[in-house]
Amino acid sequence: MEGINAKYVSKKISKTRWRPVSSSSLQQPDIFATGSWDNEDNSISIWSIGENGVSSMDDEFEGDPQLLCEYKHNGDVLDLQFLDQDRIVTASSTGAVTIFRHHHNSQTLSVSKLWERAHHYPCNNAPCTGVVCNSPEIVTVGEDGRIMLFRADQEGVLRTIEKADSSAIHAVTFLRTTEILTVNSIGQLKLWDFRQPGNEPSQILSLTGDRVPLHCVDRHPNQQHIVATGGQDGMLCIWDVRQGNMPISLMEAHTSEMWEVHFHPSNPGHLFSCSEDGSLLHWETSSNTDTPSFLQGGRNTSIISRSAIAPAGGNQSLINAWLTGDSSKGHLETTHMLPSQMLSVNSLDVLGQCLVCGTDGEAIYVNRHVPI
Amino acid sequence: VCIWWPLVLTTLSGSAGGCPFVHEVRKDEDIYSPILRKLFNESHHIFVGLQRIREDLPSKNKKPQFVSISKNYRSVIRACMEELQQVAGIVSILLAVELIWNLCEVLFIDAAPAGSLVLHLLDWVRLHKADVDEKAREVLASESPAEHQAYWDVVISYVLQGRMDEARQVLVKQAALQPAARVMFKLLDNLLMKMPIFNVHSPGETQTLTEFDVKWRHWREEVDHCLQDQSFASNRHLEDICKILVGDEDVLLEYKELLSTWYHFLVTRLLFSHPTVKPTELHYYAQSSMHMFLDTRSVPEPLDSILLAAFEFDIHQVIKDCSIALNNWWFVGHLTDLLDHCKLLQSHNLHFGSNLREFLLLEYASGLFTHHSLWQLAVDYFDHCPEFGRVYLELQIERVPLDTERKALKVIRICEQRQMTEQVRSICKIMAKKALRNNRLGSALSWSIRAKDAAFATLISERFLQDYCAKGTFSDLDLIDNLGPAMLLSDRLTFLGKYREFHRLYGEKRFSDAAKLLLSLMTAKIAPHSFWMTLLTDALPLLEQKEVIFSADQTHELMFCLEELTSGKSVPTPDKPMQVLGTHPLTLYLMAVSLSIS
């Protein structure tokens, strides 16, 4: 937990996201965006953590994140994604979907596009709970159980899937360019194929036991059928969407809601999750059983894994280490990345060696030396 | 209740004689509230950490921890104070707050004994009189420092603060200008250098108080000699310095402006007259210093009374006066809590039932709860108020507006963690009703499951069934088809799930399974009576099938059910054997139905 300091920002942070760096460069990310919630005046903000590419041995001189610019946001920021280097899409509790443009020269933000009633009930607004982009396409989901498809350069709605869900949809992710996966408050994962007309999912998966509401979902960067979910009970589930109706492994992770889960985009043997219980966990799979990972810094938690089904074929590859979820063989190690006694960690993002997260304690934490 | 402005009130006038108390300059919340929010959040973090220090550690291990926590609080106050100054140009009441807290840390928490007590007090004074260094920088940066008009002010100020090395460095400039008086300057320099400081001039070995006292008296005599010898008579400034060194109170009082406060005067007095002062003797010197320094006509300011009470080690008076004068609960709440952890508060002088610490924390937290965002911090404070905290929390938590599911989930989690089941139920019910109004049956069911609210689950099922009766089809099949164990939450929900299953079986042409299920729904009393007619009507197409679906027994049971439904009317008795083949059962069935209607 060295080198992680709190930056108090006077607003509860609901979302933090790194601005993408071009995959060809080896630069570390230096800009991130945050969204606030539960404030009379919510805002989205852009922050900088200083010179990129400068690796220094000297941690003490790494400064706090600096605020570059800020813009008022109507309603809680329930989700936030970078569409590209200059544009950010947000999902609002008012049901609106907004594209903001970041002007680098003047360091200002402006509203580029607004779909004000993207999500709604017959008589009121319904919060838009999730947004995911594959420029120029934007997919949003909401508590109204709708899935909306937009294009960043078009005014209207590209497609609406009405009555996609009878409960609130909490999160969405792309499986392929034409397929998305949503999770809802009755514990179901639903696959949607945009090539199919109509309002039916192509597949529905859920746990056989209690239908615990799911809050987050993320797809393995390389293996398009491997997905991680987290929900109300704080359990981490890894699913193989090809393999029927049950998760491949279930692991106890947090003592209350897991708000976000992310595979590391370039190093998918690492996974990160954050929770209402104030913890942020770094999950590491390793096929090398001699690595005494308990010698690494930070607090380690023993994980009780309940492997639902053994993967067919018994493949020993690194990727399938996720699927066995077997901590007793030293394959899976977790580390707490934040000091204890925190309020809820609502969001995290990880890119390269940098991790950023935001909490209900109105603080942002940046770690520039994530051990991956 | 506005939580901001009591912390912001300004301004501190620099007049000698003291302090300030405030009259607010502006209520420009947008400017200072973000800064103060940081104070609330950071101090909350420290507070929670403090509560979790284990009770069973021996107190000598805990003292350094408490001192460190006190310093953390103070650094948070200072950071906030500096930002307020920089960003908002406000000199806030936090300045006074930090002054008081610092003194409490020195006297109560660190509890410095005689000898080091004076040194700690000296640090305290130096920290709050930072303008000396600024002046010194100005003087030294000038072309001819020794001729600068503030030159002697700087030198004397350093001496008054016991900073002999700095004083000597500045004096050297003057000495250079007056080569003729070289001997005199050398003499003073020597005296300043040799001044004994407790435990400072004997590194490596600890000095006892007595040893120090002897050394100090020896030195003092030497200084006194120089005075008697008129060694500094030709230079008034040097002579004044010498007189200060022997603790001449009249001379000290001549430099009131430089001292600027009676407590600076007190500490300087102690340094040069009673460096071995015991904590228990402080109050006497404090009172006399205050009287000597302040204009006898002026009324002591609240700050003065508070500091005096501290010097008298009357912790309760300090807290009481702070509560009244400062009118904000943040400071007294956190300070009292820390003092309580140091076991410094006895409860015998309290008038109210619950103890002082709890009372203050409850006030503070209640104020926080009125804030649209900071209410979350308040929860932890209530948690650590053993007597009334829970009751306060129960009352307040239900008033938090629940605009989004996300927020409701957080509030529910807080309640669940504290076994506040009533509140969980009521919040879930509110959310479920909202969902129902918006026709989000799945969401409504999800909330009922969270609350384990069978009654509401029944309500939702009724809605589904009504929809079915009205439209002839089920809505939200994704929900009903995937109820899982949630189905068991309420009988009606179970029925709904099973009824839907019947339809699925029928659709898959698994007629005998469907028939069995349909019957069991009535015989096992899962289906509500109101629905039996519908079920019996559903049985008709099954009876119409060419193949035999219902066995004889099953048909009997169907008749039973019909009879039960239309009890009182006469129907063919069940022991009459029924022909299963052909249209007989159907005819009899229809007959029975028509008979019951008539």
Side-chain angles (χ1 to χ4, degrees), chain A residues 6 8-12 14 36-41 75-76 78 93 121-124 126-127 129 143-145 163-168 170 184-188 190 200-201 204 206-213 215 232 255-257 259 276-277 339-344 346 360-363, chain B residues 30 33-42 44-49 51-52 76 79 371-377 379-380 400 403-407 409-410 412-414 416-417 434-435 437-447 449-450 475-486:
Chain A
Y8 285 90
V9 298
S10 310
K11 286 199 173 116
K12 295 206 277 218
S14 54
S36 75
W37 80 285
D38 210 20
N39 225 40
E40 271 165 0
D41 299 310
D76 295 342
L78 293 183
S93 61
Y121 298 125
C123 303
N124 334 334
T129 52
E143 279 181 23
D144 57 351
K163 297 192 198 294
D165 210 310
S166 63
S167 64
H170 284 155
N184 67 16
S185 64
I186 45 173
Q188 297 169 324
K190 295 184 180 176
E200 296 302 313
I204 301 184
S206 56
L207 283 171
T208 47
D210 285 327
R211 298 301 163 82
V212 172
H215 291 295
Q232 188 179 291
T255 54
S256 44
E257 283 86 352
W259 294 122
E276 178 73 19
D277 68 8
S340 54
Q341 294 137 32
M342 304 260 300
L343 289 179
S344 171
N346 294 322
D360 274 348
E362 307 195 352
Chain B
D30 287 341
S33 65
I35 301 171
L36 289 171
R37 264 170 96 152
K38 295 187 203 180
L39 178 72
F40 291 140
N41 275 290
E42 290 202 65
H44 163 265
H45 191 79
I46 301 172
F47 172 84
V48 172
Q51 309 312 307
R52 301 201 184 159
V76 169
H371 190 269
H372 58 80
S373 189
L374 293 174
W375 59 271
Q376 257 184 297
L377 301 181
V379 175
D380 283 310
V400 176
D403 322 303
T404 57
E405 279 206 3
R406 181 64 72 100
K407 183 145 176 200
L409 287 172
K410 287 182 185 256
I412 290 171
R413 179 61 66 182
I414 290 171
E416 270 178 1
Q417 283 170 341
K434 233 198 242 186
R437 270 202 305 275
N438 288 315
N439 214 26
R440 311 296 308 148
L441 295 176
S443 293
L445 184 63
S446 172
W447 289 110
I449 293 172
R450 182 81 183 260
S475 60
D476 304 312
L477 282 177
D478 63 327
L479 173 63
I480 311 176
D481 280 347
N482 292 288
L483 284 173

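Numbers restart at 1 for each chain; the letters A, B, ... are given by sequence-line order, proteins then strands.
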- Message: Quick one, A:Ser14 with B:Arg406, criterion side chain to side chain contact (heavy atoms under 4.5 Å, CB included). Give me CA distance, side-chain angles, the key distance, then yes/no.
- Response: CA-CA 10 Å; A:Ser14 54; B:Arg406 181 64 72 100; 5.7 Å; no
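Here the side chains of B:His44 and A:Leu343 are in contact, with some heavy-atom distance below 4.5 Å. Between A:Glu362 and B:Ser373, some side-chain heavy-atom pair lies under the 4.5 Å cut-off.
Atom CD of A:Glu143 is separated from atom CD of B:Glu405 by 4.0 Å, given to the nearest 0.5 angstrom. The structure places OG of A:Ser344 at 7.0 Å from CD of B:Gln376, a figure rounded to the nearest 0.5 Å. Taken to the nearest 0.5 Å, the CD atom of A:Gln232 stands 9.5 Å off from the CD1 atom of B:Ile449. Atom-to-atom distance recorded for A:Gln341:CD and B:Ile46:CD1 is 11.5 Å, nearest 0.5 angstrom. Here A:Lys12 contributes atom NZ and B:Leu377 contributes atom CG; the two are 7.5 Å apart, rounded to the nearest 0.5 Å.
Ranked by heavy-atom pairs under 4.5 Å with chain B, the list A:Gly75, A:Ser10, A:Ala6 is led by A:Ser10. Contacts with chain A were tallied for B:Asn41, B:Ile35, B:Leu445; B:Asn41 has the most, counting heavy-atom pairs under 4.5 Å. In terms of heavy-atom pairs under 4.5 Å with chain B, the best-connected choice from A:Ser93, A:Gly187, A:Pro127, A:Gly361 is A:Gly361. Counting heavy-atom pairs under 4.5 Å between each of A:Ile204, A:Leu78, A:Asp144, A:Asp76 and chain B puts A:Asp144 at the top. The residue among A:Glu200, A:Glu257, A:Lys11 with the most heavy atom pairs within less than 4.5 Å of chain B is A:Glu257. Of the residues considered (B:Arg450, B:His372, B:Lys407), B:His372 shows the highest number of contacts with chain A, using heavy-atom pairs under 4.5 Å.
Contacts between B:Trp375 and chain A at a heavy-atom distance below 4.5 Å involve the side chain alone, from C-beta outward. Neither the backbone nor the side chain of B:Glu416 has a heavy atom closer than 4.5 Å to any heavy atom of chain A. If you measure heavy-atom distances from A:Asp277 to chain B, you find no contacts under 4.5 Å at all. Heavy atoms of B:Asp380 lying under 4.5 Å from chain A belong exclusively to its side chain.
No more than 12 heavy-atom neighbours from other residues, nucleotides or ligands sit within 6.0 angstrom of NZ on A:Lys163.
The heavy-atom pair separating A:Ser256 from B:Gln417 by the smallest distance is OG-NE2, 4.3 Å. Scanning both residues, B:Leu409 and A:His215, for their nearest heavy atoms gives CD1-CE1, 3.2 Å. Here the closest heavy-atom approach between residue B:Arg440 and residue A:Ser167 is recorded as NH2-O, 3.2 Å. Contact detail for B:Leu479 and A:Ser166: the closest heavy-atom pair is CB-OG, 3.3 Å.
Salt bridge annotation for A:Asp38-B:Lys410: absent, with no cationic side-chain nitrogen under 4.0 angstrom from a carboxylate oxygen.
No donor-acceptor distance shorter than 3.5 angstrom exists from the side chain of B:His45 to the backbone of A:Met342, with no hydrogens or angles considered. Side-chain N or O atoms of A:Arg211 include none that pairs as donor or acceptor with a backbone N or O of B:Pro485 at under 3.5 Å. Here the side chain of B:Arg37 pairs no donor or acceptor atom with the backbone of A:Val9 at under 3.5 angstrom. Looking only at distances, a side-chain donor or acceptor of B:Ser443 sits under 3.5 Å from a matching main-chain atom of A:Ala168.
For the residue pair A:Asn124 / B:Arg437, no side-chain donor-acceptor distance below 3.5 Å is found, with atom types taken as modelled.
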